[in-house]
Colleague: 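After the structure tokens below, expect a handful of questions from me.
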Amino acid sequence: MIWLILLPLLWASLAFISGEGRGKWLAIGGLSGQTWLAFDLAQTVGAGGVAVEHLVGGWGAPLGIDLAADGLSAAMLVLTQCVALPLAVYAGAYYKRGEVAGAYFWPLAGFLIAGLNALFLSADLFNIYVTLELVGLAAVGLVAAGGGAQQVAAALRYLFATLLGSGLYLLGVALVYGGYGTVSISVLTPLVTSEAPRLMWIAGGLMLIGLMLKTALWPFHFWLPPAHGGAPAPVSALLSALVVKASFYLVLRLWIGPFAPLVAAAEWLAWGPAVLGTLAILWGSWQAIRAERLKMLIAYSTVAQLGYLFLIFPLLTGADAVQAGVMQAFAHGFAKAGLFVAAGVFIKATGQDTVAGLAGTVDRLPITLFAFGLSGMTLMGLPPSSGFLAKWLLIETALDRGYWWLVLVVLAGGLLAAVYVFRVLRQAFLQAPANTSLAAVPRTLEWTAFVLAAVSVLLGLRGVELMQLVGVMR
Amino acid sequence: MKRFVVGLGALAFAALLIGALLEPLMANTPGGVDLRVAVAAHMTASGVDHPVTAVLLNFRGYDTLLEIAVLLLALIVILAIGIDPECDRPRAANPVLQAMARLAAPLMVVVAVYLLWAGAFRPGGAFQAGAVLAAAAVLLHLTGLLPSWQLPGLKLRWGLTAGFLIFLAVAAALIPQGALLQYPPAQAGKLILLIEAGLTVSLGLILAGLFLFLSRDPGDDA
Amino acid sequence: MSSGLLFACVGAILFAMGVAGVVLIAHLLRRILAFNVMGSGAFLILVGLAQRYDFSDPVPQAMVLTGIVVAVAATALALALVRRLHALTGKLELPTDGT
């Protein structure tokens, strides 16, 4: 499992040294290996039923840093590699030769993926801070690379948001170390009780707010639409599908880990994230319905879909809520990558990034449009897609605990998603104005969009294995 | 209005935090974990004599590995944002300053080597040494003796990355010992020195690059 | 009150000031400085709180060194973006329309 971190670090640095042409092949080769490693790890964890550990330096916590992969980590690792590999193929065909953003995409994406993998594996709060910064700075770099004034402004806004978020997290880590003398999650967890000093409450609050800022939960979403909507399509897909999930994973990990006694002592606390998530679903969907630009529409849809992830917090009294959350992360990860990738094809073909400009694309880009429709199906939560499974699990868990209004929120969110997805599809089926001409688009781009969208739907059929895997806890 | 609310919020937060800081806590008391004992107990196996260096490069060496990745990443991002190729105005060349800089720069290299070597048993090490090297490059640049850098060629790209790659290679080569970065106690000192030597050169180049790549930008008058 | 605890309290004030600065200040260079004040506050708390009984603990010191290097990298990145924005638009503030 350690190679899941070392391999991307290695190919990222080699891609920087060797310059443009070779980065693509290094990345695709590296990611293929990582995908195999991730599945292998998931297999080991799932079959063994216990978490796999790696004590870096051989010291062991609390002196050294521990890495640990339980079902949740392994699932997130599988998601990361499985989304990143098609995106690498896509990016290889997307960037033109000699483009600055294309040349630097490979090293930056490599560091980003290394950071994500390191974050999912780490069991040390301070080490997680370093991985958060690695992910954050790489993501900002990807948004800014080779861009104009708008992109640079979006990147700066994103940078300040992510730095503020990790700053709050770091202060939380400092308070935890001051209070308990360790930053290892496994050592810390048994020490924390519901009578924890006030410092621990403040630490938890700081970490929660910092990570919600990084996850762009409403009302902290202000940085996300310009950054995700303004970046090149492969970058938007990476950021929306994976990067925001990393901070959500961390909130979940801390919530059910070291901070669980505090959360249990104050049950009302869980309604905070859930209420914000509800508002995110309503507000994000509304903005997506009104958006003029296609990529802004998809970016606002991300704001809405992230809201679902936070609905699970009042339900976390059993493992089923975690499964619903992970299922939603998978569904949204593949579907959103598919949507952004399809949008990239439309933009290349029509030369503009507006919903209105899509008219007539149904004749020329049927595969891409089909991919867009499939991904949209996952967002709406139609069966048999993984989105349906995620929403179904969520509704079932909510009914089990007797929270009716969560069910209403989930259903309303699905309807709102249908409105903005059909708005795009309807436009694509309209007759194009007589003088429009569409540019030719490489086939690879269309088919990667299709693959990602198809996975988002078909995953619904393999949900049982994923849920078994997530059931293995540290 | 916004200023008032945020200011008041910050004030309230600081008061709350200070109040909580003054409460008695678990660490360094019987219930908590005391890492000072653990560090002291393992110092002989760490390969160095200075506890902070031991934590940085041995006990928590993995943090340091990722931190070098962050620094290298920042440099790559700066190159990716784009540096302006045409603008490289020569600095005003003051002969007195130049003579001083010519004298100081070799001395700074010597200091850097000393800091690197001293890191094993007193405050010092690769970062401090790299920073001094970078400062020498910046000094030479500001006095007009060293032009700002163009897009890096293959050699410079290797130089910038070498320290990180050496660290990565050593870390990976030790996996058969049992785990990533698990130094055999007998060789730990030598391996740490090897890593630190590589890091000094690359960190010097990276930190100097953060300045010398950016100084091409026409935004100089700001 | 030990000196370590005093450092931690000063760190708390610096951190709060830094956060307020990052949120409020429009001028980008000053906002970067505010971010650095915030970071320094967190570092002071990390070291100060760990040695409030006046024993030095090498682990938080090493963490702060790591944190400083990360902060340097982030600052350099922010400065590069600000310079780029200035070169492209001639302004040192973010556009207010939210795009």
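Per chain, numbering begins at 1; letters A, B, ... match sequence-line order. Just so we're clear, the structure is a prediction, and the values are computed from it rather than from any experiment. Just so it is clear, the values below take in all heavy atoms, side chains as well, and ignore hydrogens, waters and symmetry mates.
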Colleague: Between C:L77, C:L14, C:T66, who has the most heavy-atom pairs with chain B when the cutoff is under 4.5 Å?
Modeller: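 Greatest number of close heavy-atom pairs with chain B: C:T66.
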
Colleague: Around atom CE of C:M17, are there more than 12 heavy atoms of other residues, nucleotides or ligands at under 6.0 Å?
Modeller: no

Colleague: Which of the residues C:A76, C:A8, C:G41, C:G11 is involved in the greatest number of heavy-atom pairs with chain B at under 4.5 angstrom?
Modeller: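 Most heavy-atom pairs within the cutoff with chain B belong to C:A76.
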
Colleague: Name the region of C:L81, side chain, backbone, both or neither, that has any atom closer than 4.5 Å to a heavy atom of chain B.
Modeller: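 Backbone plus side chain of C:L81, per the 4.5 Å heavy-atom cut-off to chain B.
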
Colleague: Could you report the tightest heavy-atom contact between C:A16 and B:F13, atom names first, then the distance?
Modeller: CB-CD2, 4.2 Å

Colleague: Sort out for me which of C:A62, C:A20, C:G90 touches chain B most, counting heavy-atom pairs under 4.5 Å.
Modeller: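 So the answer, after comparing C:A62, C:A20, C:G90, is C:A62.
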
Colleague: Identify the heavy atoms of B:Y183 and B:L57 that sit nearest to each other, and give their distance.
Modeller: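 It is OH-O, 2.8 Å.
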
Colleague: So what's closer than 4.5 Å to chain C heavy atoms on B:V70: side chain, backbone, both or neither?
Modeller: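 For B:V70, heavy atoms of backbone and side chain both lie under 4.5 Å from chain C.
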
Colleague: Measuring heavy-atom distances to chain B, does C:V59 have an atom under 4.5 Å in its side chain, in its backbone, in both, or in neither?
Modeller: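 Interface part for C:V59: both.
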
Colleague: Taking side chain as everything from C-beta outward and backbone as N, CA, C, O, which of these in B:L71 sits under 4.5 Å from a heavy atom of chain C? Side chain, backbone, both or neither.
Modeller: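 Both backbone and side chain.
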
Colleague: What are the two closest heavy atoms between B:T53 and B:G119, and how far apart are they?
Modeller: OG1-O, 2.7 Å

Colleague: Evaluate the side-chain proximity of B:E196 to B:I192: yes if any heavy-atom separation is below 4.5 Å, no if none is.
Modeller: yes

Colleague: Restricting to non-hydrogen atoms, name the atom on B:N58 and the atom on B:A45 that form the minimum distance, rounded to 0.1 Å.
Modeller: ND2-O, 4.1 Å

